[in-house]
Structure formats: structure tokens, C-alpha cells
Amino acid sequence: MCVESSHVWGLQRGDIGPFYENTDTTYKGTHPINTDGGQLSSGQLNPAGASGTQQTMEMVRQLRGEAASEMEGHQVPDANLGLAMY
Amino acid sequence: MTTSIRGRVAIIGIGETAHVRNWPGRTHNGLLAEAAAIAIKDAGLRQQDIDGVLTFGGGVAPAGVAEYLGLKNVTFSCGVTMFGASNGVAAMVAAAALECGYCNYALFVAGGARDTSWLRETRGMTPSPNTEFHGLYGTAVAANNGYGLCYTRHMYEYGTTPAQMARMAVDQRFNTMNNPRSAFRPQGLITVDDVLNSRYINYPLHILECVMPIAGAACYIMTTAERAKAAPKKPVYMLGNGFYQGSSTSWMGHDVLNDITLMATERGAKNAYLVSGYGPNDIDVVECYD
């Protein structure tokens with residue numbers, strides 16, 4: 001994922017280590033990544049080609065603003081444009 | 001690209017079940033149906049409105065899924081066997097089918113009970129460069145072996161450190177604390193030290209940096225921009241997409257380009273930006289395969 005996530009925000013491939021070290025990538029941060037916890041923290045939908053689909057689910061929630069009402073909320077403020085990668 | 005898909009199709013409904021490590025009594029089709037039912041309702045549609053079906057294919061071919069879901073008006077279906085990229089590529093296929101008028105409402109659904117027997121069967125039967133040349137030297141034996149090699153090379157090339165990478169797991173665990181479907185939410189927050197002190201799965205990857213397979217399912221429904229105007233919820237428009245074919249071993253880097261710290265997503269992302277008219281600095285939120 002560190003390699004994948006280097007295609008946004010002007011990062012070059014070698015930048016990703018210092019980026020994670022110095023950047024808040026939570027939904028509250030400046031550069032939000034995997035705002036539902038990703039497969040790493042919520043579990044990977046495993047069977048037959050399902051993995052990655054939760055990334056699309058969460059992207060739709062964020063761009064609709066629906067993540068605000070899930071539990072205490074995990075919404076990125078003013079999320080209008082997203083990039084999903086698989 | 002001469003014809004742009006920009007803004008011409010949208011996702012109007014989603015459905016995702018809980019993520020459960022072991023889910024006794026639930027069947028593969030039953031979980032697919034649960035996710036599909038949530039998505040159809042979310043899109044403000046009825047079963048009979050769904051006329052496009054996309055699945056992983058193979059043992060999860062669209063025909064069986066459509067039949068189980070009780071979809072009787074299907075005029076387009078397609079199996080998209082792209083493993084972790086299946087749902088993304090299915091969105092590209094669905095976009096094309098919608099634009100061509102093959103269907104009006106395309107449904108992609110995937111998931112199921114945690115059963116990987118299909119994987120063992122496929123691996124045993126189908127020779128590939130991976131099984132014939134890489135597996136012989138051990139890469140097929142251990143979990144996440146390719147990713148460990150990619151990570152190690154990244155450390156060598158760029159000076160990336162495990163403490164830097166551990167932040168990824170820490171931030172994602174924070175994010176999952178308000179995800180009601182999450183399998184790891186009950187385990188609470190973690191620190192960089194927790195990650196670095198957890199056992200190795202494949203050096204330099206610790207267990208807290210590796211995904212855990214779970215049972216569950218997820219589904220989305222796409223339609224044309226014109227039809228999306230009637231959807232009850234805010235449509236999420238596809239502004240661009242991009243694809244780049246990696247090699248059969250691209251999960252461990254990019255053999256085609258002889259560089260294991262490069263993934264096909266780099267090329268795919270470039271095309272997505274090109275089609276959309278936006279650039280890397282315009283992005284508000286990223287969801288990427290992990």
C-alpha cells in the first residue's frame with residue numbers, strides 16, 4: 001500500500017516513508033487514507049475477488065457525507081473528490 | 001483516449017455486510033444476497049430494475065448469482081477475474097456497458113463465507129510464470145512473501161524504515177474505531193511500538209501490518225448520469241479511471257518493468273488523472289487497496 005499511496009499529493013516513490021512519519025493520514029488529518037480502517041483494520045473481504053470492494057464502499061460513503069453518521073463519525077470534511085486504487 | 005467517460009456514470013447504491021472472522025451458518029450466496037439487497041434498497045430500486053450483473057466469475061459466475069438474487073431481467077452480465085482489482089475493473093466494464101445501452105442498472109457484488117478452496121484448486125491446476133518460475137524458489141510458500149521482498153527493496157532503495165511504515169497501521173486502526181462493520185474495532189487503538197513488537201509474518205512485515213481474511217460481502221450499483229438524477233441519495237460520479245496490466249507476479253512488484261518497487265497502479269492512476277482533468281493535489285480522500 002505504501003507504493004500505491006505514493007500516486008497522490010505530489011509524492012514521489014521514495015517520499016512515502018517520511019510522508020507517513022510526518023503526516024496525519026486519519027480521517028481527521030490533512031491527507032486522509034483508508035478512512036474506514038482499510039482492509040488492514042476492518043478485515044479483508046476475502047472470498048473470490050471481493051477484496052478491494054470495501055474501498056469503493058467507503059469512497060461512496062465519504063463523497064456522500066454518510067461517514068459522519070456512522071457511530072461517532074469518520075467523515076473527511078468537505079470530501080468532494082476521491083481516488084480509489086486497487 | 002478519444003472518448004471520455006468523465007461524469008457519464010455514477011454509483012447510486014452501496015451495500016456492505018459486517019466483517020466477521022468466522023460466520024457459522026452463513027453461506028456464500030446468502031452473504032452476497034444480503035449485500036445486494038442493501039445496495040438495491042440504497043439505490044431506491046427494485047430487484048426487477050437490475051439488468052446488469054458483474055461478479056468475479058469462475059466459481060462465482062454471474063448466472064448463479066443472478067439466479068440466487070432472483071434477478072430475471074438481466075440483459076448484460078460479465079465475470080471480472082481481476083482478484084483484488086475485480087471491483088475496480090468491473091466499474092470500468094459497467095461504465096462501458098451502461099454507455100452502450102447494454103443495461104441500465106449494473107450491479108457488482110462480491111464476497112461470501114470464508115472459503116478459499118477455490119484458490120487451492122486454481123493454484124494447483126493452472127500453470128503461470130508465478131507457479132513455474134517463482135514458486136519453485138519459495139515465493140509461493142509463505143504468506144505475503146512478495147510484499148516482504150517489495151518492502152525490503154523499498155528500504156534499500158529509499159531508506160524507508162519500519163517505524164515510518166508502522167504509522168500506516170496505527171492511523172488505519174484509528175480510522176476503524178468508528179466503522180461499525182470492522183473486525184478489529186473491538187481490539188482498540190495501537191501504537192508504533194505495538195506494531196514493531198508484534199511478530200513477523202514475513203520480514204519486514206509484522207502481523208499488525210498484514211490483513212486478516214474475513215467473511216462478508218459488498219455490492220455497488222451503477223447507472224448513467226441521466227438516470228442517477230432520480231436516485232434518492234447523492235450519486236457518486238465516475239470522473240475518470242485508469243488501468244494498467246501488470247504481470248502475473250505483479251503482486252510482488254512489477255516484473256514487466258523489472259522494478260519490484262513499482263506497481264501497475266502508478267500507470268493506472270496517471271490515466272485516471274488524465275481522464276478526470278484533476279491532478280494528485282486535488283484529491284480530498286484516498287481509499288487504496290491494502
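Lettering of chains follows the sequences in order, A, B, ..., and the numbering in each one begins at 1.
- Among the candidates B/Ile190, B/Ile11, B/Asn87, B/Val20, the residue making the largest number of heavy-atom pairs closer than 4.5 Å to chain A is B/Asn87.
- In this structure, the portion of B/Val236 lying under 4.5 Å from any heavy atom of chain A is its side chain and not its backbone.
- Between the side chain of B/Arg167 and the main chain of A/Thr23, a donor-acceptor pair closer than 3.5 Å is present.
- In this structure, the side chains of B/Phe174 and A/Lys28 come closer than 4.5 Å at one or more pairs of heavy atoms.
- A donor-acceptor pair is defined here as one N or O able to donate and one able to accept, closer than 3.5 Å; no such pair exists between the side chain of B/Asn175 and the backbone of A/His74.
- A distance-only check finds a donor-acceptor pair linking the side chain of B/Asp171 to the backbone of A/Thr25 [under 3.5 Å].
- With a 4.5 Å cut-off on non-hydrogen atoms, B/Tyr273 touches chain A through its side chain but not through its backbone.
- Contact of B/Leu32 with chain A is not made at all, since no heavy-atom distance falls under 4.5 Å.
- Listed for the B/Thr161 side chain is no donor-acceptor partner under 3.5 Å among the backbone atoms of A/Gly17.
- Heavy-atom pairs under 4.5 Å with chain B peak, among A/Val76, A/Leu63, A/Val8, at A/Val8.
- Under 4.0 Å is where a charged nitrogen must lie from a carboxylate oxygen, and between B/Glu16 and A/Arg61 at least one such pair does.
- At least one side-chain heavy atom of A/Ile16 sits under 4.5 Å from a side-chain heavy atom of B/His154.
- Contacts of B/Met177 with chain A are made by backbone atoms alone, with heavy-atom separations under 4.5 Å and no side-chain atom involved.
- Distance check: A/Gln44 CD to B/Arg114 CZ gives 11.0 Å after rounding to the nearest 0.5 Å.
- Heavy-atom pairs under 4.5 Å with chain B were tallied for A/Gln55, A/Gln54, A/Glu21, A/Gln62; the largest tally goes to A/Gln55.
- A/Val60 touches chain B through backbone and side chain together, each having a heavy atom under 4.5 Å away.
- Using a cut-off of 4.0 Å between Lys/Arg side-chain N and Asp/Glu carboxylate O, A/Glu66 and B/Lys234 are scored as not salt-bridged.
- Neither the backbone nor the side chain of A/Pro77 comes within less than 4.5 Å of any heavy atom in chain B.
- At least one side-chain heavy atom of A/Met57 sits less than 4.5 Å from a side-chain heavy atom of B/Tyr220.
- The environment of OH in B/Tyr158 is crowded: more than 12 heavy-atom neighbours from other residues, nucleotides or ligands sit within 6.0 Å.
- Interface remark: A/Thr30 contributes no atoms to any contact with chain B (heavy atom separation under 4.5 Å).
- When all heavy atoms of A/Tyr86 and B/Gly84 are compared, the closest pair comes out as CB-O, 3.6 Å.
- Note that CD1 of B/Ile12 and CZ of A/Arg64 are 8.5 Å apart. Values are rounded to the nearest 0.5 Å.
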- Query: Can you check side chain to side chain donor-acceptor pair (under 3.5 Å) on B/Glu287 and A/Thr35, steps first, answer last?
  - Reply: CA-CA 7 Å; B/Glu287 308 295 342; A/Thr35 47; 2.6 Å; yes

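- Side-chain atoms of B/Asn178 come within 3.5 Å of backbone N or O of A/Gly73 as a donor-acceptor pair.
- Looking at B/Ala217, only its backbone comes within 4.5 Å of chain A, counting heavy atoms on both sides.
- Not one N or O on the side chain of A/Ser42 forms a donor-acceptor pair closer than 3.5 Å with the backbone of B/Ala183.
- Only the backbone of A/Asp78 has a heavy atom closer than 4.5 Å to any heavy atom of chain B.
- Atom CG of A/Leu83 and atom OG1 of B/Thr265 lie 9.5 Å apart (nearest 0.5 Å).
- For B/Val285, the parts lying under 4.5 angstrom from a heavy atom of chain A are both the backbone and the side chain.
- When atom types are taken as modelled, the side chain of B/Asp290 and the backbone of A/Leu40 share a donor-acceptor pair closer than 3.5 angstrom.
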